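Accompanying notes for the structure given below.
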Amino acid sequence: MSTILIRGAKILGGEAADVLIDGETIARVGTGIEAGDATVVEAAGQILLPGLVDLHTHLREPGREDSETVLTGTKAAAVGGFTAVHAMANTFPVADTAGVVEQVWRLGRESGYCDVQPVGAVTVGLEGKNLAELGAMHESAARVRVFSDDGKCVDDAVIMRRALEYVKAFDGVVAQHAQEPRLTEGAQMNEGVVSAELGLGGWPAVAEESIIARDVLLAAHVGSRVHICHLSTAGSVELVRWAKSKGWQVTAEVTPHHLLLTDELVRSYDPVYKVNPPLRTEADVMALREALADGTIDCVATDHAPHPHEDKDCEWAAAAMGMVGLETALSVVQETMVETGLLDWAGVADRMSFRPALIGRLETHGRPVSAGEPANLTLVDPAYRGPVDPAGFASRSRNTPYEGRELPGRVTHTFLRGRATVVDGILA
């Protein structure tokens, strides 16, 4: 077991201190800690955060290893400062049985770069007709607590109610991809001025908002937990804010790209900007930022959606939806939330570590940076600025909307249970 001394980092952006890691645990936090034979990391000017937690990651394995594998995806996560990710269920085969979620969980343990918590499907095959083996997945070695048909909406109200009732028994949560399918048939981008001018099929905000309205009411009726995936409109914000004012068990996430990018970018017809839900308007972006700042939106989740080159290097209508996001998420949050004064670094720790870990019920992540806690940590150099170069990504895919764009901040070190997975920005 090794000892590591992180010297002079600003803990959650506050006062500078030393942090001594002994084995898998934080042994001491203070000033003037002697190194002894510890490996010293000089961290003056850097921010020390608890390891980031992503509630929404697509690792593609099993079935689409041409896009990503658990190994490459967890490497990308580590580079981005994440120590735990929740792997979505839309794999091939679908993660709708104890056997598949255990396979993904074990692959995560073998990778060693970050913890992988599988998300179980709500319905068999993501088909929306019959509940999947929710109890068996929870009782499996993977101990699944989050269930989602992400990529598809659980649009049947009876099925959604049954799922909420079922997971209540073990304090699980249903994470809903809010998209009314009939309202989005043939949709290619946000419905609005730009879609009208471009002649592309519009994706109305109400398609998201109508499902959220229904599901917060169902969650209240059942007394269960519902989580809204990749919330993207100002109207959705108001619905979640209203539900929370009632004291209902409703949480929500926003992606980095919905905090920064707008539907104006679709004018380029570059499929890298094609995503589900679609990029919205500037007014929506501002509403999402404010909601994340005031806590209406609980957390940032990447919706890391890797695709091979051929699925994006084609005409817009034929292109796959999705963007990679693990390696750029923290930088986008720094630009949109920290540098605008909407969040401080303690707020970033809350929205990217504490709260997602709480929603996913990950007991050893999202913990305070204090003695006796697991040494899951991330060091960030906030002064760094540089262009995004996807050629250097650890992810197997390159479909980033930020190529060539200058973003602030750089993860210099990531520690998973006291072991450095990233050192000086490079995978260990």
Side-chain angles (χ1 to χ4, degrees), residues 55-56 86 88-90 94-97 119-138 144-187 191 202-254 276-278 280 296-298 301 303 321 359-360:
L55 266 175
H56 195 141
H86 290 72
M88 283 296 174
N90 58 340
V94 171
D96 57 4
T97 65
V119 173
V122 177
T123 66
V124 176
L126 308 182
E127 293 178 352
K129 297 177 181 178
N130 299 294
L131 285 185
E133 299 177 3
L134 309 184
M137 287 187 278
H138 174 65
V144 176
R145 300 288 281 276
V146 183
F147 299 86
S148 180
D149 276 3
D150 183 65
K152 295 183 179 180
C153 178
V154 182
D155 62 307
D156 186 311
V158 173
I159 294 291
M160 187 64 179
R161 174 182 175 168
R162 287 175 179 162
L164 288 166
E165 289 172 336
Y166 202 112
V167 303
K168 182 182 178 182
F170 48 80
D171 190 30
V173 61
V174 178
Q176 176 68 293
H177 174 118
Q179 177 191 349
E180 214 297 321
R182 292 296 302 281
L183 291 174
T184 54
E185 289 178 2
E191 181 178 284
W203 189 306
V206 71
E208 175 174 304
E209 295 157 8
S210 60
I211 295 294
I212 293 174
R214 184 201 73 180
D215 286 354
V216 299
L217 290 167
L218 283 174
H221 178 71
V222 172
S224 189
R225 293 199 294 142
V226 67
H227 177 75
I228 309 302
C229 295
H230 43 51
L231 183 149
S232 70
T233 77
S236 295
V237 166
E238 291 308 311
L239 287 164
V240 170
R241 184 174 284 131
W242 171 74
K244 288 191 168 191
S245 75
K246 298 282 191 179
W248 299 343
Q249 296 180 80
V250 176
T251 54
E253 69 190 32
V254 64
N276 180 347
R280 303 290 189 180
T296 299
I297 296 175
D298 297 83
D303 194 7
M321 294 180 178
I359 293 166

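Numbers here simply count residues along the sequence, with the first being 1. The analysis underlying the following values was restricted to heavy atoms, covering all of them including side chains, and did not include hydrogens, waters or symmetry mates. A quick note: this is a predicted structure, and the numbers were derived from the prediction, not measured.
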Please name the pair of heavy atoms, one in [X] and one in [Y], separated by the smallest distance, quoted to 0.1 Å.
X: V94; Y: A121; answer: CG1-CB, 3.7 Å
X: A175; Y: C229; answer: CB-SG, 3.7 Å
X: A178; Y: I212; answer: CB-CG1, 3.7 Å
X: V222; Y: K168; answer: O-NZ, 3.0 Å
X: A157; Y: L218; answer: O-CD1, 3.9 Å
X: Y166; Y: G135; answer: CE2-N, 3.4 Å

So do [Y] and [X] actually touch side chain to side chain, heavy atoms under 4.5 Å?
X: M160; Y: V226; answer: yes
X: Q179; Y: P277; answer: no
X: D150; Y: V119; answer: no
X: I211; Y: Q176; answer: yes
X: M88; Y: H177; answer: no
X: I159; Y: L131; answer: yes
X: K129; Y: V124; answer: no
X: V174; Y: S224; answer: no

Spacing of [X] atom [atom1] and [Y] atom [atom2] [to the nearest 0.5 Å]:
X: R162; Y: T123; atom1: CZ; atom2: OG1; answer: 12.5 Å
X: E208; Y: R280; atom1: CD; atom2: CZ; answer: 5.5 Å
X: T233; Y: E238; atom1: OG1; atom2: CD; answer: 9.5 Å
X: L134; Y: E165; atom1: CG; atom2: CD; answer: 12.0 Å
X: M137; Y: T97; atom1: CE; atom2: OG1; answer: 7.5 Å
X: I297; Y: L231; atom1: CD1; atom2: CG; answer: 5.0 Å

Quick one: do K244 and D298 make a salt bridge, cutoff under 4.0 Å? yes
Looking at E180 and R214, is any side-chain nitrogen of the basic one under 4.0 Å from a carboxylate oxygen of the acidic one? no
Parallel, tilted or perpendicular: rings of H138 and F170 (30°, 60°): parallel
After noting the C-alpha distance and the side-chain angles of R145 and D171, does the key distance pass the side-chain contact (heavy atoms from CB on, under 4.5 Å) rule? CA-CA 7 Å; R145 300 288 281 276; D171 190 30; 3.4 Å; yes
Please check: side-chain N/O of [X] versus main-chain N/O of [Y], any donor-acceptor pairing under 3.5 Å?
X: R161; Y: H221; value: no
X: D303; Y: H56; value: no
X: S210; Y: V206; value: yes
X: K152; Y: G128; value: no

Applying side-chain contact (heavy atoms from CB on, under 4.5 Å) to T296 and not counting sequence neighbours gives V237, V240, R241, A291, D294
